[in-house]
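Quick notes on the structure that follows.
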Amino acid sequence: KYRDFGSLVSLGKWSTVGNLMGFPFGRSIFVEGLFAGIMYRSLRIQHDRALGGTAYAVLQLLVRALSRRTGTQVKLH
């Protein structure tokens with residue numbers, strides 16, 4: 001059974017916003033700033049790990065840390 005826990009949007013290098021649904025008391029919560037950014041980055045690492053395993057996730061993390069970003073700055077997850 002599919003459960004939607006909300007969405008996170010990275011709006012560039014320093015800005016992230018999100019909406020967490022079904023949090024305590026069944027209401028949605030709007031998150032932004034550092035907390036949303038940490039959640040977004042951890043979700044991305046979990047996604048990479050699910051696709052290619054732990055070694056792939058670590059390699060992707062290192063590549064992102066060492067290389068200059070040339071892709072789009074707005075991403076939805």
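All figures in this text were calculated on a predicted structure; none of them were measured in a lab.
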Discussion item. Using every non-hydrogen atom in the two residues, find where N19 and F30 come nearest and quote the distance to one decimal.
Written reply: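 What the structure gives for the nearest pair is OD1-N, 4.3 Å.
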What distance do [X] atom [atom1] and [Y] atom [atom2] have between them, rounded to the nearest 0.5 Å?
X   : Y   : atom1 : atom2 : value
L43 : S7  : CG    : OG    : 10.5 Å
R41 : L8  : CZ    : CG    : 11.0 Å
I29 : M21 : CD1   : CE    : 12.0 Å

Item to complete: Consider only side-chain heavy atoms of I, L, V, M, F, W and Y, link residues closer than 4.5 Å, and tell whether F5 and V17 are in one cluster.
Response: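 Different hydrophobic clusters.
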Discussion item. Under 4.5 Å between side-chain heavy atoms, counting indirect links through other Ile/Leu/Val/Met/Phe/Trp/Tyr residues: same cluster for I38 and L20 or not?
Written reply: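 Shared cluster, no.
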Which pairs of donor and acceptor atoms, one on a side chain in residues 48-59, lie under 3.5 Å apart (sequence neighbours left out)?
{"unit_1": "D48", "atom_1": "OD2", "unit_2": "R64", "atom_2": "NH1", "d": "3.1"}
{"unit_1": "D48", "atom_1": "OD2", "unit_2": "R64", "atom_2": "NH2", "d": "3.3"}
{"unit_1": "R49", "atom_1": "NE", "unit_2": "T54", "atom_2": "OG1", "d": "3.0"}

Worksheet entry | Side-chain heavy atoms of V9 within contact of T16, under 4.5 Å |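 A side-chain contact is absent here, since even the closest heavy-atom pair is not under 4.5 Å.
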